[in-house]
Amino acid sequence: MSIDSRQVAAGMLEAVPFARTLGFEFVEIAPEADGGVRAVVRLPDSPATHNHVAGPHAGAMFTLGETASGAVVLAAFGHLLDRAVPLAVRADIAYRKLARGAVLATARLARPAPEVTAELEAGRRPEFPVVVEIATEDGTPTSEMTVVWTLRPQ
């Protein structure tokens with residue numbers, strides 16, 4: 001699988017204006033073994049996104065994780081956009097530790113892309129999870145998230 005990370009990042013920022021509002025930076029979007037995809041998205045440290053304890057607001061961190069998961073979906077299934085619309089179905093997040101400073105969301109496709117594509121081609125509406133770890137820039141994990149996506153046939 002070949003991924004044009006600049007095209008995916010530009011597509012995300014165009015399709016999701018809120019990602020621009022929060023100042024997200026797309027650090028990496030790359031293929032992994034077995035048809036997987038990884039995306040790393042950064043939320044810079046800014047008082048505009050802080051909460052009452054001077055860390056990144058929970059809503060900003062949720063949006064960061066969801067955006068990173070969306071980048072994975074676009075990278076893995078962007079070639080199917082003429083046939084299907086990607087939609088987030090549900091999401092679950094656990095805030096484990098107070099974050100300080102900039103944070104990075106690392107998202108990974110948790111199901112093989114060819115398996116998901118085969119379901120779509122068989123006329124089904126596949127659902128698939130994208131797992132996300134949110135951590136500080138020094139690598140300290142702060143949150144875990146899973147976003148379940150679907151490809152709705154057009």
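All of these numbers come straight from a predicted model, not from anything done at the bench.
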Side-chain heavy atoms under 4.5 angstrom apart, residues restricted to Ile, Leu, Val, Met, Phe, Trp, Tyr: same cluster for [X] and [Y]?
X	Y	answer
Leu87	Leu120	no
Leu109	Val89	no
Leu80	Val37	yes
Leu74	Val40	no
Val72	Phe26	yes

Return the set of residues passing ring pair (Phe, Tyr, Trp, His ring centres under 6.0 Å) with Phe77 (not counting sequence neighbours), or none when no residue passes. Phe128
Heavy atoms only: give me the nearest [X]-[Y] pair and the separation to one decimal.
X	Y	answer
Ile29	Ala9	CD1-N, 4.0 Å
Phe62	Ala91	CZ-CB, 3.7 Å
Gly55	Arg100	N-NH1, 3.9 Å
Ser143	Met61	OG-CE, 3.1 Å
Asn51	Pro56	ND2-O, 3.5 Å
Val8	Ala71	CG1-O, 3.7 Å

Set of residues satisfying side-chain hydrogen bond (donor to acceptor under 3.5 Å, both in side chains) with respect to [X], sequence neighbours excluded:
X	answer
Arg96	Glu144
Thr136	Asp138
Ser46	none

N/O donor-acceptor pairs under 3.5 Å from side chains in residues 13-22, not counting sequence neighbours:
from, atom 1, to, atom 2, distance (Å)
Arg20, NH1, Leu13, O, 2.2
Thr21, OG1, Pro17, O, 3.3

Residues passing the salt bridge (charged side-chain N to carboxylate O under 4.0 Å, His left out) test with Glu32, sequence neighbours excluded, are Arg38, Arg108
Who are the salt bridge (charged side-chain N to carboxylate O under 4.0 Å, His left out) partners of Arg83, not counting sequence neighbours? Glu121
Pairwise side-chain contact, Lys97 with Thr140, heavy-atom cut-off 4.5 Å (strictly under): yes
Using side-chain heavy atoms (C-beta onward) and a distance below 4.5 Å, is Thr146 in contact with Val132? no
The side chain to side chain contact (heavy atoms under 4.5 Å, CB included) partners of Ala68 (sequence neighbours excluded) come to Val41, Ala105, Ala107
Quick one: salt bridge (charged side-chain N to carboxylate O under 4.0 Å, His left out) pairs with a partner in [range], sequence neighbours left out?
range	result
residues 52-61	none
residues 55-66	none
residues 39-52	Glu25-Arg42, Arg42-Glu137

Which distance, rounded to the nearest 0.5 Å, do you find between the CE of Met145 and the OG1 of Thr106? 13.5 Å
Please tabulate, one pair per line, all N/O donor-acceptor pairs under 3.5 Å involving side-chain atoms of residues 147-154, not counting sequence neighbours.
from, atom 1, to, atom 2, distance (Å)
Trp149, NE1, Ser69, OG, 3.1
Thr150, OG1, Arg125, NE, 3.3
Thr150, OG1, Pro126, O, 2.7
Gln154, NE2, Leu81, O, 2.7

Do Thr142 side-chain atoms and Ile134 backbone N/O form a donor-acceptor pair below 3.5 Å? yes
